[in-house]
Amino acid sequence: MKYPTLQDVIEYCRTTLTVATAETIAWIGIVLIHAATVPTMISIMSGLSDKMPPVDLILFIWGGLSMLFVRAVILRDILHIVTIGVGFIIHSTLLALILFK
């Protein structure tokens, strides 16, 4: 049985772990971007606040997420397509519930 050398461990960390870490950080970033306006929307729906988030904030968040969605479609990155798509559905549902309350 061949034991891994230090060079094998370094190569594994440089290739496999780097890609996995980058993908995990990207996924967490997308979830955090979606979560930026959720507390405000929930407080509005529960009646704790009547102040909506600024429109420019919402437009920038949705614009950035739309660009990331297009990138994910071009690269056929199913994880990001699903994550961003579900986030859009949840945001749209929350906005509809606020608007038609």
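Since we're looking at a predicted model, the values are computed, not measured.
Atoms CD1 and CG, on I44 and L95 in that order, are 9.0 Å from each other to the nearest 0.5 Å. Atoms OG1 and CG, from T40 and L57 in turn, are 8.0 Å apart once rounded to the nearest 0.5 Å. Here the CE atom belonging to M41 is positioned 4.5 Å from the CD1 atom belonging to I58, to the nearest 0.5 angstrom. For the atom pair CD1 of I33 and CD1 of I28, the computed distance is 12.5 Å after rounding to the nearest 0.5 Å. Rounding to the nearest 0.5 Å gives a distance of 9.5 Å between OG of S43 and CE of M52. Between I81 atom CD1 and I78 atom CD1 the span is 4.5 Å, to the nearest 0.5 Å.
Closest non-hydrogen pair, I61 versus A36, comes out as CD1-CB, 3.9 Å. For the residue pair I84 and L65, the shortest heavy atom distance occurs at CG2-O, 3.8 Å.
No continuous path of ILVMFWY side-chain contacts below 4.5 Å connects V70 to F60, so the two sit in separate hydrophobic clusters.
Tested against W27 for a side chain to side chain contact (heavy atoms under 4.5 Å, CB included), the candidates T24, V31, I30 yield a single pass: V31.
Between L68 and H80, the closest side-chain pair of non-hydrogen atoms is not below 4.5 Å.
With sequence neighbours excluded, no residue forms a salt bridge (charged side-chain N to carboxylate O under 4.0 Å, His left out) with E23. Evaluation of the ring pair (Phe, Tyr, Trp, His ring centres under 6.0 Å) rule for F88 yields H34, W62 as partners, not counting sequence neighbours.
Atom CG of D56 sits in a crowded spot, with more than 12 heavy atoms from other residues, nucleotides or ligands closer than 6.0 Å.
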